[in-house]
Amino acid sequence: MEIERQFLVDDIKSVPLDMARRRYSICQGYISFNPEMRIRQLGNEYFFTFKSSGGLVRREEEFKISEKDFLNLMPRITGKMLNKSRYEVMLDSGQIVIFDVYEDDLSGMYMAEVEFDDVDDANAFTPPEWFGREITYDTRLTAANLVKHGLKWFEGVLSETR
């Protein structure tokens with residue numbers, strides 16, 4: 001199970017990137033959007049991931065695959081490959097924030113997420129101001145839907161819910 005809260009960050013200048021303990025590039029594509037199945041490259045490591053739909057709590061299974069498997073699955077992706085830079089930012093509380101900076105035609109989209117061991121910890125978490133708007137509970141506002149429908153659709157959903 002994955003327990004995480006997700007947020008849209010409005011201004012990258014507000015993110016304490018100087019507190020990042022790690023930065024890496026991610027390239028991923030979706031083989032299926034429902035259920036969500038994706039392939040991902042992180043440096044020289046490759047993964048296949050299944051995620052259920054949901055909000056705060058989702059089923060997630062991730063398997064390491066070979067580069068050959070990744071390359072063989074790439075032609076099966078639906079839509080475009082997603083590219084982003086990921087930063088692991090340490091909060092003063094000791095929690096790690098995953099901060100994603102989307103690239104290419106998704107440039108300008110920034111998301112932060114924090115994973116938790118249990119639902120009580122997730123509910124007790126007070127996000128820093130720079131996190132911005134929480135999108136955890138709107139199951140339409142996922143990276144998969146961002147890739148599937150594009151930035152304009154995503155922004156349209158956001159404006160509906162303001």
Side-chain angles (χ1 to χ4, degrees), residues 1-31 36-67 69-70 73-74 77 80-148 151 154 158:
M1 283 296 164
E2 173 185 64
I3 303 167
E4 71 180 10
R5 289 179 59 187
Q6 298 176 320
F7 302 83
L8 289 178
V9 176
D10 295 323
D11 182 12
I12 193 170
K13 293 176 192 149
S14 66
V15 181
L17 292 178
D18 58 321
M19 295 174 66
R21 64 180 201 166
R22 189 171 166 211
R23 181 203 174 275
Y24 44 94
S25 295
I26 294 176
C27 176
Q28 72 186 37
Y30 292 86
I31 294 170
E36 186 178 314
M37 291 186 285
R38 71 172 185 231
I39 56 173
R40 175 182 275 181
Q41 177 182 4
L42 280 89
N44 61 357
E45 294 186 305
Y46 303 87
F47 300 90
F48 177 87
T49 305
F50 166 84
K51 283 189 170 193
S52 68
S53 60
L56 179 64
V57 180
R58 298 173 71 179
R59 182 173 156 216
E60 179 182 64
E61 295 178 37
E62 187 167 76
F63 307 95
K64 198 167 188 178
I65 61 175
S66 69
E67 179 181 15
D69 290 337
F70 179 83
L73 288 167
M74 274 187 74
I77 67 158
K80 296 180 180 181
M81 292 296 280
L82 178 148
N83 293 294
K84 59 186 175 180
S85 293
R86 173 163 284 178
Y87 298 83
E88 293 178 5
V89 178
M90 176 86 70
L91 296 178
D92 292 337
S93 64
Q95 289 170 299
I96 301 297
V97 175
I98 301 299
F99 176 66
D100 289 335
V101 177
Y102 289 81
E103 299 167 3
D104 305 321
D105 58 338
L106 300 176
S107 183
M109 176 63 66
Y110 312 111
M111 289 189 189
E113 63 184 47
V114 180
E115 291 192 11
F116 301 92
D117 293 327
D118 60 55
V119 172
D120 291 337
D121 287 347
N123 289 330
F125 177 71
T126 302
E129 279 187 39
W130 63 266
F131 270 34
R133 180 176 176 185
E134 184 163 9
I135 60 170
T136 302
Y137 300 100
D138 190 332
T139 56
R140 299 171 297 172
L141 299 174
T142 63
N145 277 334
L146 182 59
V147 169
K148 181 179 180 181
L151 192 56
F154 200 89
L158 285 171

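The figures that follow rest on heavy atoms only: side chains count, while hydrogens, waters and symmetry mates do not. Nothing fancy with the numbering, it's 1 onward along the sequence.
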Report task. Dump the intermediate steps for side chain to side chain contact (heavy atoms under 4.5 Å, CB included) on Arg40 and Thr49, then the final yes or no. Result -> CA-CA 8 Å; Arg40 175 182 275 181; Thr49 305; 5.6 Å; no
Query - Atom pair CG/CZ of Asp10 and Arg133 - distance to nearest 0.5 Å - result: 9.5 Å
Query raised in the report: Just wondering, do Tyr46 and Asp69 contact through their side chains at under 4.5 Å, heavy atoms?
Result: no
Query raised in the report: To the nearest 0.5 Å, what is the distance between OG (Ser52) and CE (Met1)?
Result: 6.5 Å
Query raised in the report: With sequence neighbours left out, what residues match Thr126 under side chain to side chain contact (heavy atoms under 4.5 Å, CB included)?
Result: none
Report task. Mind listing the closest non-hydrogen atom pair of Cys27 and Met81 along with its distance? Result -> SG-CE, 3.3 Å
Query raised in the report: By side-chain hydrogen bond (donor to acceptor under 3.5 Å, both in side chains), which residues pair with Lys148, not counting sequence neighbours?
Result: none
Query raised in the report: Do side-chain atoms of Ser85 reach the backbone of Ser25 as a donor and acceptor pair under 3.5 angstrom?
Result: no
**Report entry** Atom pair CG (Leu146) and CG (Leu151), whose distance is rounded to the nearest 0.5 Å
**Finding:** 6.0 Å
Query raised in the report: Hey, what do you get for CD1 (Ile98) to CD (Gln6), rounding to the nearest 0.5 Å?
Result: 11.5 Å
Report task. Hey, could you give me each pair passing ring-ring contact (aromatic ring centres under 6.0 Å, His included) that has a residue in residues 80-118? Not counting sequence neighbours. Result -> Phe116-Phe125
Query raised in the report: Between Leu56 and Ala122, which heavy-atom pair has the shortest distance, and what is it?
Result: CD1-CB, 3.8 Å
Query - Contact check, side chains of Arg38 and Glu62, non-hydrogen atoms, under 4.5 Å - result: yes
Requested in this report: Keeping to residues at least two apart or across chains, list the salt bridge (charged side-chain N to carboxylate O under 4.0 Å, His left out) pairs with something in residues 11-21.
Outcome: Arg21-Glu88
Query raised in the report: Taking side chain as C-beta onward, heavy atoms only, is Phe131 less than 4.5 Å from Val114?
Result: yes
Query raised in the report: Does Arg86 reach the main-chain N or O of Tyr24 with its side chain, forming a donor-acceptor pair under 3.5 Å?
Result: no
Query raised in the report: Under the side chain to side chain donor-acceptor pair (under 3.5 Å) rule, what pairs show up with a residue in residues 137-146, not counting sequence neighbours?
Result: Asp138-Arg140, Arg140-Glu160
Query raised in the report: Under 3.5 Å, side chain of Arg5 to main-chain N/O of Glu134, donor-acceptor pair present?
Result: no
Query raised in the report: Is the closest side-chain heavy-atom distance between Met111 and Lys84 below 4.5 Å?
Result: no
Query raised in the report: Mind checking whether Val97 and Trp130 have side chains closer than 4.5 Å, heavy atoms only?
Result: yes
**Report entry** Worked check of side chain to side chain contact (heavy atoms under 4.5 Å, CB included) between Asn44 and Glu67
**Finding:** CA-CA 8 Å; Asn44 61 357; Glu67 179 181 15; over 6 Å; no
Query raised in the report: Would Ile39 and Phe48 satisfy side chain to side chain contact (heavy atoms under 4.5 Å, CB included), going step by step from the backbone distance to the final call?
Result: CA-CA 5 Å; Ile39 56 173; Phe48 177 87; 4.0 Å; yes
Report task. With the side chain counted from C-beta on, respond yes when Ile65 and Leu73 share a heavy-atom pair under 4.5 Å apart, and no when they do not. Result -> yes
Query raised in the report: Between atom CD of Glu61 and atom CZ of Phe47, what is the distance when rounded to the nearest 0.5 Å?
Result: 15.0 Å
Query raised in the report: Which atom names give the shortest non-hydrogen contact between Glu4 and Thr136, and what distance separates them?
Result: O-CG2, 3.6 Å
Report task. Could you give me the CA-CA distance, side-chain angles and deciding distance for Val89 and Ile96, then say whether side chain to side chain contact (heavy atoms under 4.5 Å, CB included) is met? Result -> CA-CA 6 Å; Val89 178; Ile96 301 297; over 6 Å; no
Requested in this report: Would you mind listing every salt bridge (charged side-chain N to carboxylate O under 4.0 Å, His left out) that reaches into residues 102-128, with sequence neighbours excluded?
Outcome: Lys80-Asp105
Query raised in the report: Can you name the closest pair of heavy atoms from Leu82 and Ala143 and give their distance?
Result: CD1-O, 4.4 Å
